Amino acid sequence: MTTPAAPEVVTFGETMAALRAQGALRLGGGLGLSVAGAESNVAIGLARLGHRVRWAGRVGADELGALVLRTLRAEGVDIDHAVTDDTDRPTGLLLTEPRLGTLTRVSYYRAGSAGSAVSPADVLPALTPGTRILHLTGITPALSRSATEAVLAAATTAREAGITVCLDVNYRSRLWSTDRARTALRPLLDHTDLLIASEDELPLVLEQPGADEAEAVKGILAAGVTEVVVKRGARGATSVTADGATDRAARQVDAVDLVGAGDAFVAGYLSGLLDGADVPARLHRAVTTAAFAVATRGDWEGLPTRDELGLFDQPDGTTIR
């Protein structure tokens with residue numbers, strides 16, 4: 001019997017059931033049911049691009065937990081190290097509602113959830129030999145003390161094993177304050193190789209909360225991080241290393257839904273990194289996958305396969321027959 005190949009990327013966090021409204025929730029109406037979670041969005045994006053990726057975490061022993069695992073399995077994500085919680089903790093839930101143009105309001109119901117109970121014992125076994133990248137987000141340590149411990153333990157273990165550690169700050173103000181975030185995220189810099197953040201998130205990982213972008217990037221690199229990637233939304237992105245900065249404009253696309261664009265960007269960037277692409281090529285793939293997310297509804301549903309990456313180069317109105 002052939003042993004399955006080791007994953008190229010391991011990630012973990014909370015994946016929830018996602019109810020998506022067509023209008024204001026208070027007015028009622030239909031809801032679409034799917035799943036969503038920053039780390040699993042990245043996992044699905046990488047799997048669609050042909051990479052071996054593993055997601056670890058906890059779901060409830062309920063139908064929504066079964067939906068999460070079924071969806072990830074169907075998308076080609078390795079869930080061998082996912083845990084179904086044997087207590088009464090439920091699978092988390094989020095609701096999204098469009099409020100104004102592309103402005104979306106998200107409500108979470110995740111306190112006491114199975115995903116928030118993730119611990120080092122759940123995730124460390126997922127870091128099997130051959131893993132090349134560990135992808136983390138700043139969402140997971142906001143969930144609980146055990147989740148904070150899991151993130152730090154995984155980052156420490158991965159760094160010691162020579163695995164590249166990627167941290168997407170991904171700050172969620174509804175989950176914790178900036179002070180709590182800074183306290184939890186700052187120790188991770190000692191174990192991070194690639195840090196990804198939006199401009200306003202950069203100071204969250206430093207002891208100088210008032211630092212401007214240039215000062216923040218300089219401080220992050222001085223802490224031992226090899227590369228800082230700054231996401232600028234519709235204005236593109238910038239990668240900064242000790243060798244200098246590289247900018248990339250965003251793809252021009254009619255925006256439909258901005259939720260999930262940052263995760264799509266990360267998936268594209270890590271895909272390029274796995275392929276050995278240089279920084280400009282990595283940024284190009286990242287803004288391309290982000291554009292797919294922006295142009296379609298859902299956190300991950302519109303993410304491209306590898307052979308679809310060139311669709312943005314086709315003239316408007318093209319029909320592929």
Side-chain angles (χ1 to χ4, degrees), residues 5-11 41-53 130-137 155 158-159 161-170 189 191-199 201-202 205 213-214 216-253 261-294 303-314:
E8 296 173 277
V9 180
V10 170
T11 189
N41 293 342
V42 172
I44 290 172
L46 285 165
R48 287 196 178 180
L49 292 172
H51 299 286
R52 300 185 308 279
V53 56
T131 301
R132 295 175 57 189
I133 295 175
L134 169 66
H135 173 61
L136 305 169
T137 78
R159 192 70 177 272
I163 298 170
T164 297
V165 178
C166 170
L167 172 63
D168 182 2
V169 175
N170 226 332
L189 284 192
H191 313 285
T192 298
D193 300 286
L194 168 63
L195 184 128
I196 302 176
S198 59
E199 297 148 292
E201 291 172 337
L202 288 171
V205 294
E213 180 180 324
V217 170
K218 183 178 179 180
I220 293 167
L221 293 176
V225 175
T226 303
E227 181 181 8
V228 178
V229 176
V230 183
K231 296 180 291 185
R232 306 187 189 279
R235 293 181 291 112
T238 302
S239 168
V240 185
T241 67
D243 296 326
T246 304
D247 296 315
R248 179 62 169 86
R251 289 275 197 171
Q252 296 303 305
V253 63
D263 302 328
F265 177 95
V266 173
Y269 200 84
L270 294 182
S271 173
L273 184 63
L274 290 166
D275 286 350
D278 60 15
V279 170
R282 298 199 295 261
L283 287 171
H284 175 76
R285 185 172 300 180
V287 298
T288 299
T289 49
F292 271 92
V294 167
L303 296 182
T305 58
R306 186 171 289 256
D307 61 0
E308 291 176 324
L309 288 173
L311 290 181
F312 274 106
D313 298 323
Q314 299 293 326

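Throughout, residue positions are numbered sequentially from 1 according to the sequence presented. Computed from a predicted structure; not experimentally measured.
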*Taking it one step at a time, do V228 and L202 satisfy side-chain contact (heavy atoms from CB on, under 4.5 Å)?*
CA-CA 9 Å; V228 178; L202 288 171; 3.9 Å; yes
*CZ/R132 to CD1/I163 distance, rounded to the nearest 0.5 angstrom?*
11.5 Å
*Which heavy atom in L303 sits nearest to a heavy atom in G45, and how many Å separate them?*
CD1-CA, 3.6 Å
*Working to the nearest 0.5 Å, report the span between CZ of R52 and OG1 of T131.*
9.5 Å
Report all side-chain donor-acceptor pairs from residues 267-274 shorter than 3.5 Å, counting only partners two or more places apart or in another chain.
unit_1 : atom_1 : unit_2 : atom_2 : d
Y269   : OH     : E227   : OE2    : 2.2
Y269   : OH     : R282   : NE     : 3.3
Y269   : OH     : R282   : NH2    : 3.4
S271   : OG     : H51    : NE2    : 2.8
S271   : OG     : R285   : NH1    : 2.8

*Can we say R251 and D313 salt-bridge, meaning some charged N sits less than 4.0 Å from an Asp/Glu carboxylate O?*
yes
*Say you draw a straight line from CG of L134 to SG of C166; how long is it, rounded to the nearest 0.5 Å?*
8.5 Å
_Donor-acceptor contact below 3.5 Å, side chain R248 vs main chain V287_ = no
*Under a 4.0 Å N-O cut-off, is there an ion pair linking D247 with R232?*
no
*Closest heavy-atom pair and its distance - P304, L49*: O-CD2, 3.8 Å
*asked:* Looking at every heavy atom in both T289 and A264, which two are closest together, and how far apart are they?
replied: OG1-O, 2.7 Å
*Which atoms form the tightest heavy-atom contact between F312 and A291, and what is the distance?*
CZ-CB, 3.5 Å
*Spacing of CG belonging to D168 relative to CG belonging to L194, to within rounding of 0.5 Å*: 9.0 Å
*Minimal non-hydrogen separation, H135 against T11, with atom names*: O-OG1, 2.8 Å
*Backbone of L309 reached by a side-chain donor or acceptor of T288 within 3.5 Å*: no
_Please report the interatomic distance CG(L167) to OG1(T192), rounded to the nearest 0.5 Å._
4.5 Å
*Of all the heavy-atom pairs spanning T246 and P280, show the shortest one and how long it is.*
CG2-CG, 4.2 Å
*Hey, mind stepping through D263 and N170 against side-chain contact (heavy atoms from CB on, under 4.5 Å) and telling me if it holds?*
CA-CA 9 Å; D263 302 328; N170 226 332; 3.5 Å; yes
